[in-house]
Amino acid sequence: MRLSRVTVPTLKEKPAEAEIPSHELLLRAGMMRSVAAGIYALLPLGTLALEKIEDIVREEMNAAGAMEVVLPGLHPSDPWIQSGRWQAYGPEMMRLVDRQGREFCFAPTAEEVITLMVSRTAPSYRDLPLNLYQIQTKFRDEIRPRFGLLRAREFRMKDAYSFHTSEEELDDTYRSMYEAYSAVARRCSLDVRVIDAATGLIGGDVSQEFMVISEVGEDEIIYCTECEYGASAEMEVHRPGVGFGSPESGKLEEVKTPGMVSVEDVAVYLDTDNAHVLKCVLYVVGGEALAVFVPGYREVSEAKLECVLGTGDFHPLREDERELYPAVTAGFTGPVGLEGVRILFDQEVKGSRGLVCGANRVDHHLKGVEEGRDFKADSVADIAYTVEGDLCARCGGVLRKARGIEIGHIFKLGLKYSEPLGASFTDQDGNGKPMVMGTYGIGTSRILATVVELHHDDAGIKWPKAVAPLPLELLVLSPESAEQAKVAADLEQGLKASGMEILVDDRDVSPGIKFNDADLIGLPAQVIIGNKLAEGKIDLKLRYSGERIETFPEGANQAIERAIDVAT
RNA sequence: CGGGGUGUAGCGCAGCCAGGUUAGCGCGCGUGCUUUGGGAGCACGAGGCCGGCGGUUCGAAUCCGCCCACCCCGACCA
């Protein structure tokens, strides 16, 4: 592949649209161009890198027993209406209408279509389990696309769907997908942290996300510094802290706190701190008031609340709803003597004493409140976000916050789609039963951006060899020199014969441009043919380590192959 | 959708506030000569519906209105 003939429009300056390294470098290295907001075209080198990634995904999926299929990009509305997601998806799903007035969507995912397709084959238990995947262009009309390929509206994704006779069978496939995803990440030189996640719109019971820790990541995650535990910030579980309230008992007394509604105001007014104040957050759940009590320094996680309540149908009590629930005194709600309201306590409230809380009377709070003595925390759960210093519920290690890029997500769906879509199989007794399903997504174009995000320096991209568009760039500093051209052609031919396609910079430009472009494009190895050839020498440079090796054209193929072999 | 910002040559930008010749600069691009191990020099040259529509004015890149596109922050989503 010759640079004089392939389109690799490198840019010297940072394009105005790019904010983060991966976006900037993919543009500058001539691998990608933007077409519209969140919609990108890949040029030849970008395409080659994406193909490398998708081939790795293919290999791992096939090795795990999955089979590739090709599903349409455009889906009719019917199956989506049947599953309820035509409604549930909202404007994030791109909808369009054909000339007959039929409605379609540009598929953001494919549970419905594949489930119907599999169910139409009338499978028996003998046909299961089944694991089918595709690698497709998807579309999600994100409210705000950003960061180039990292959060595009149109993107490439591998999505797999598995079908089973039982939960146990699903567990096996889920585990094999977990392994396959770990292998994909490893081969792409990405360190992943697997975290427990909220299941969101896809639904289902269990799901885990494969996260790459990065400052530009859009998800906040919590992970343990000691063990493998990790979770999305809204779903993490931590041990109850020990810093809430006071060690000693105190006398219960009521104090005037005129207009002191927020935790901070009360703490300052009563000369204490938020580690002694019991915070109350009021919700309306299915038309009923719910008082949630958490330590003053914590926030309620509505995702955890959803799990505890078993429904997502709740919202914070609005101003205009207060009169509907006279039992709660907004701003001054406390657990002591509170009646006619459903109450939920954070785990940390159990056994705490010396607390300040609302007195259920306007402008009044209670001091010296003690759980067990003044009120009983009967219904207790972990419903608060983690704070600095919290400990891992599994091992007691210190929990840390970080940001992560989600490159993969695996779900146990159970019967969520097979039931509404009537997707069943015939069991041993000849009875129809709904199939148990799993779904597994991995963002291939996002991996492309993530690799660049993690593997670059000031000069450009440093492709790990497994996903590099090509393994080697050959710089011919003076292509008009017959000797240099001859050595280059021989090397190129020799490498090609041993199955290595390379990039040759045979442009008639100054050496500096070639060096800089080569570092920018970032192929794992560079061979430089210049005036050292007069002494019979050429240079071999490894992009990742920066290491330079002098070698000779004779036998260079072996040296190159060895060098690339050991390259990162 | 709310807030902020930007649209001028392929890319990066100046000019706009204070309207007035042929709209500039750097990079890139073309031709020629010289150069050639980390973004070379000289000469000549091509390239613009100044985002679009409408208005004000003798005159609009510049002022006003509407629209569109793109970027950033937020809400949202995964």
Pair assignment for B:U21, Watson-Crick or G-U wobble, requiring both distances under 3.5 Å = none

Looking only at side chains, do A:Glu453 and A:Ser22 share a donor and an acceptor under 3.5 Å apart?
-> yes

Short side-chain N/O contact to B:G39 OP1/OP2 from A:Ser510, under 4.0 Å = no

ring-ring contact (aromatic ring centres under 6.0 Å, His included) against A:Phe163, all qualifying residues, sequence neighbours excluded = none

Mind listing the N/O atom pairs, protein and nucleotides 11-13 of chain B, below 3.5 Å?
| residue | atom | partner | partner atom | Å |
| --- | --- | --- | --- | --- |
| B:G12 | OP1 | A:Ala16 | N | 3.1 |
| B:G12 | O2' | A:Glu13 | OE2 | 3.3 |

Base, sugar-phosphate alone, or nothing: which one does A:Lys537 contact when heavy atoms must sit under 4.0 Å apart?
-> nothing

In whole Å, what separates the C1' atom of B:C63 from that of B:A78?
-> 46 Å

Quick one: list whatever passes side-chain contact (heavy atoms from CB on, under 4.5 Å) with A:Val284, sequence neighbours left out.
-> A:His315, A:Leu317, A:Glu321, A:Tyr325

With a 3.5 angstrom cut-off on both distances, give the Watson-Crick or G-U wobble partner of B:C1, or none if there isn't one.
-> B:G74

To the nearest angstrom, how far is A:Lys12 atom NZ from B:G26 atom P?
-> 13 Å

Distance between P atoms of B:G51 and B:U62 (Å, rounded) | 8 Å

Interatomic distance, A:Asp219 CG vs B:A78 C1' [rounded to whole Å] = 7 Å

Across every strand shown, the nucleotide meeting Watson-Crick or G-U wobble geometry with B:G37 (both distances under 3.5 Å) is none

Here the residues of residues 517-534 of chain A within 4.0 Å heavy-atom distance, strictly under, of RNA chain B are A:Asp517, A:Asp519, A:Ile528, A:Gly530, A:Asn531, A:Lys532

Separation between the P atoms of B:G26 and B:C68, rounded to whole Å = 37 Å

Just checking A:Glu480: base, sugar-phosphate only, or nothing, at a heavy-atom cut-off of under 4.0 Å?
-> base

Spacing of the C1' atoms in B:G59 and B:U21 (rounded, Å) = 12 Å

Any ring pair (Phe, Tyr, Trp, His ring centres under 6.0 Å) pairs touching residues 512-542 of chain A, not counting sequence neighbours?
-> none

Could you verify whether a donor N or O on one side chain and an acceptor N or O on the other, from A:Ser4 and A:Arg507, lie under 3.5 Å apart?
-> no

Could you tell me which residues satisfy side-chain contact (heavy atoms from CB on, under 4.5 Å) with A:Ser34, sequence neighbours excluded, listed by chain and number?
-> A:Glu17, A:Tyr40

Report the residues that fulfil ring-ring contact (aromatic ring centres under 6.0 Å, His included) with A:His455, sequence neighbours left out, ordered by chain and then residue number.
-> A:Tyr544

Across all strands, who's sitting opposite B:G59 as a Watson-Crick or G-U wobble pair, both distances under 3.5 Å?
-> none

Re B:G7: Watson-Crick or G-U wobble partner, both distances kept under 3.5 Å, found to be B:C68

Residue list, side-chain contact (heavy atoms from CB on, under 4.5 Å) with A:Pro479, at least two apart or on another chain = A:Val476, A:Lys514

A:Asn516 CG to B:A40 C1': how many Å, rounded?
-> 13 Å

Closest listed nucleotide, where the reference is the side chain of A:Glu19 and the choices are B:G39, B:A78, B:C71 = B:C71

Take atom CD of A:Glu142 and atom C1' of B:C1, then tell me their distance rounded to the nearest Å.
-> 15 Å

For nucleotides B:C49 and B:A9, find the distance between their P atoms and express it as a whole number of Å.
-> 8 Å

Test item: side-chain donor near acceptor, A:Glu236 and A:Tyr385, under 3.5 Å | no

Look at the side chain of A:Arg548 and decide which nucleotide, out of B:C73, B:G38, B:U36, has an atom nearest to it.
-> B:G38

Considering just the side-chain nitrogens and oxygens of A:Arg446, establish if one lies under 4.0 Å of OP1 or OP2 belonging to B:A78.
-> no

Please name all residues satisfying side-chain contact (heavy atoms from CB on, under 4.5 Å) with A:Lys401, sequence neighbours left out, ordered by chain then number.
-> A:Glu220, A:Ile222, A:Thr386

Counterpart base for B:G45, defined by Watson-Crick or G-U wobble contacts under 3.5 Å | B:C29

Just wondering, more than 12 heavy atoms not from A:Glu228 lying within 6.0 Å of its CD?
-> no

Atom pair distance, as rounded to whole Å: NZ in A:Lys138 and C1' in B:A78 | 14 Å

Rounded to whole Å, the CZ-P distance (A:Arg153 to B:A78) equals 17 Å

With sequence neighbours excluded, residues passing ring-ring contact (aromatic ring centres under 6.0 Å, His included) with A:Tyr178 | A:Phe210

Would you say B:C73 has OP1 or OP2 under 4.0 Å from some side-chain N or O of A:Arg144?
-> yes

Rounded to whole Å, the CD1-P distance (A:Ile195 to B:A78) equals 14 Å

Near RNA chain B, under 4.0 Å by heavy atom, which residues of residues 20-48 of chain A?
-> A:Ala36, A:Ala37

Does any donor atom in the side chain of A:Thr109 or A:Glu111 lie under 3.5 Å from an acceptor atom in the other side chain?
-> yes

How would you list, by chain and number, every residue that makes a ring-ring contact (aromatic ring centres under 6.0 Å, His included) with A:Phe314, sequence neighbours excluded?
-> A:Tyr283

